[in-house]
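In what follows, a structure is listed as structure tokens, so that the remarks can point back to it.
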Amino acid sequence: HYTGAAGEKSDPMQKVFRLIENRYYEPISVSDMADEAGLERCYFSTTFKTVTGLSPYQYLCRFRIRKACALMEHTLCDVTTAAASVGIPPENFARLFRKWMGVTPAAYRKAVSARAGTS
């Protein structure tokens, strides 16, 4: 069980962070994360939010969106490819992207392309 202070990442949480980092592009449920941590789902969710300030689902979404941003910045791949590469269904990608980044994926991609063209 988790015994660390709120700002620390306990060993069970480290396992979850590694799971997300290594398999973010695959379907991952909160139950999968709880199993990885070896904790009951509700307890895991509460503990995770205490540690990160985000629910497990929010953390995973934010992680995936950041990976999509990196793909669009460094590989100049298109929005659809970025969405597919990070495991976000295309029908949800624009909404989630805008929620976390404050702009649409197309606007972000256009800004990235403009910066790349002026470098």
Side-chain angles (χ1 to χ4, degrees):
H1 284 82
Y2 180 75
T3 58
E8 297 175 2
K9 295 177 182 174
S10 67
D11 286 341
M13 294 300 122
Q14 286 294 343
K15 289 180 181 179
V16 174
F17 295 130
R18 280 193 298 276
L19 170 75
I20 291 169
E21 289 170 12
N22 294 327
R23 294 182 33 212
Y24 63 88
Y25 48 86
E26 298 176 8
I28 302 173
S29 69
V30 174
S31 293
D32 293 336
M33 291 183 238
D35 290 346
E36 186 71 18
L39 300 171
E40 185 272 326
R41 188 179 183 276
C42 290
Y43 181 75
F44 164 74
S45 293
T46 301
T47 302
F48 193 92
K49 187 162 186 166
T50 299
V51 171
T52 65
L54 298 170
S55 73
Y57 177 75
Q58 289 171 325
Y59 185 91
L60 178 61
C61 287
R62 185 183 71 174
F63 189 91
R64 287 173 167 167
I65 293 298
R66 288 182 173 173
K67 287 291 187 179
C69 287
L71 284 171
M72 288 188 281
E73 290 172 19
H74 301 296
T75 66
L76 299 178
C77 71
D78 62 44
V79 172
T80 304
T81 302
S85 297
V86 299
I88 298 176
E91 61 272 14
N92 297 336
F93 187 70
R95 178 182 52 80
L96 289 171
F97 194 95
R98 186 175 180 99
K99 176 182 177 180
W100 289 105
M101 299 305 296
V103 297
T104 65
Y108 186 86
R109 180 71 184 88
K110 186 176 179 181
V112 167
S113 294
R115 281 196 311 258
T118 59
S119 306

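Between P27 and R64, the shortest heavy-atom distance links the atoms CA-NH2, 4.2 Å. Contact detail for G87 and P89: the closest heavy-atom pair is O-CD, 3.7 Å. Across all non-hydrogen atoms, the minimal contact from P105 to V79 is CB-CG1, 3.5 Å. Across L60 and M33, no two heavy atoms sit closer than the pair CD2-CE, 4.1 Å. Contact between A82 and M72 at its shortest, heavy atoms only, is CB-CG, 3.9 Å. In terms of heavy atoms, A68 sits closest to V86 at N-CG1, 3.5 Å.
To the nearest 0.5 Å, atom CG of residue L71 and atom SG of residue C77 are 4.5 Å apart. Considering SG of C61 and OH of Y24, their distance stands at 14.5 Å, rounded to 0.5 Å. In this structure, CD1 on I28 lies 12.5 Å from OH on Y57, to the nearest 0.5 angstrom.
Contacts of R41 classified as side-chain hydrogen bond (donor to acceptor under 3.5 Å, both in side chains), with partners at least two apart in sequence or in another chain: S31. Residues passing the ring pair (Phe, Tyr, Trp, His ring centres under 6.0 Å) test with F44, sequence neighbours excluded: F48. Listed by chain and number, the residues in a side-chain hydrogen bond (donor to acceptor under 3.5 Å, both in side chains) with S29 are D32 (sequence neighbours excluded). The side chain to side chain contact (heavy atoms under 4.5 Å, CB included) test applied to A83 returns F93, not counting sequence neighbours. Not counting sequence neighbours, the partners of T80 by the side chain to side chain contact (heavy atoms under 4.5 Å, CB included) test are D78.
Within the 3.5 Å criterion, the main-chain N or O of T46 finds a donor-acceptor partner in the side chain of T50.
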Can you give the donor-acceptor pairs under 3.5 Å from side chains of residues 16-23 to other protein atoms, not counting sequence neighbours?
from: N22; atom 1: ND2; to: R18; atom 2: O; distance (Å): 3.1
from: R23; atom 1: NE; to: E26; atom 2: OE1; distance (Å): 2.7

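You'll find the side chain of K49 stays beyond 4.5 Å of the side chain of L54, heavy atoms only. Considering only heavy atoms from C-beta on, L96 stays 4.5 Å or farther from R62 through its side chain. Under the 4.5 Å side-chain criterion, counting only non-hydrogen atoms from C-beta, F97 is not in contact with I88.
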Inset, instruction - Given side chain to side chain contact (heavy atoms under 4.5 Å, CB included), test E40 with T47 step by step and report yes or no. - result: CA-CA 10 Å; E40 185 272 326; T47 302; over 6 Å; no
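Counting only residues at least two apart or on different chains, no side chain to side chain donor-acceptor pair (under 3.5 Å) pair has a member in residues 86-104.
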